[in-house]
Amino acid sequence: MVAMNTAGNRIEVLASSGQSSTFDTLYPVLGCQPGSLAEMAGADYAAGSLAVDAHQQASVSGLYAAGDLVSGINQISVATGHAAVAATAIHNRLAPNYR
C-alpha cells in the first residue's frame with residue numbers, strides 16, 4: 001500500500017503497483033510474531049501463542065493477556081472479548097476493600 005484517501009464516504013487505497021481500490025470498510029491487520037515481556041517472565045507458549053487459561057491468565061500468576069499475543073485471529077473484536085474476560089478475572093482477584 002502506498003496511500004489511503006477518502007473518496008466520499010468510501011476509502012480509496014493506492015497500491016505500489018499503481019492499482020487503486022475503493023472500499024466501504026477498511027479493517028487493518030498487522031499480524032504478529034509473539035515475543036513479549038511475558039516470554040521474559042517465563043510464561044508458557046503453545047503453538048506460537050502465549051498459553052492462557054479460560055480467564056486469560058498466563059502460567060505466571062497474576063499475568064493476563066489478550067489479543068494477538070494469545071490468539072492467531074488478529075481481530076480487534078477478539079482482543080476486546082479477551083480483555084473483558086481478563087478484566088473480570090482481575091477484578092474478582094482484588095481484595096474485598098477494593099471492590
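Here the structure is a predicted model, which is why all the values come from computation and not from measurement.
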(request) Output the distance between atom CZ (Arg93) and atom CD (Gln57), rounded to the nearest 0.5 Å. (result) 5.0 Å
(message) Distance check, rounded to the nearest 0.5 Å: Gln56 atom CD versus Leu63 atom CG?
(response) 11.0 Å
(message) Show the nearest heavy-atom pair for residues Val60 and Gly42, with the distance to one decimal.
(response) CG2-C, 4.1 Å
(message) Checking Ala84 now: which residues fulfil side chain to side chain contact (heavy atoms under 4.5 Å, CB included) with it, not counting sequence neighbours?
(response) none
(message) Once side chain to side chain contact (heavy atoms under 4.5 Å, CB included) is applied, do any residues pair with Thr88, and if so which ones, sequence neighbours excluded?
(response) Asn92
(message) Working to the nearest 0.5 angstrom, can you tell me the gap between Asp68 CG and Leu50 CG?
(response) 12.5 Å
(message) Quick check: closest heavy atoms across Ala43 and Ala58, and the distance to 0.1 Å?
(response) CB-CB, 4.2 Å
(request) Report the residues that fulfil side chain to side chain contact (heavy atoms under 4.5 Å, CB included) with Ser17, sequence neighbours left out, ordered by chain and then residue number. (result) Ala15, Gln19
(message) Looking at every non-hydrogen atom in both residues, tell me the closest pair between Ala66 and Ala83 and how far apart they are.
(response) CB-N, 3.7 Å
(request) Locate the shortest heavy-atom distance separating Ala54 from Val85; write the atom from each residue and the value. (result) O-CG1, 3.4 Å
(request) List the atom of Tyr64, the atom of Gly62, and the distance in Å for their closest heavy-atom pair. (result) CD1-O, 3.5 Å
(message) To the closest 0.5 Å, what do you measure between CG (Leu69) and NE2 (His82)?
(response) 10.5 Å
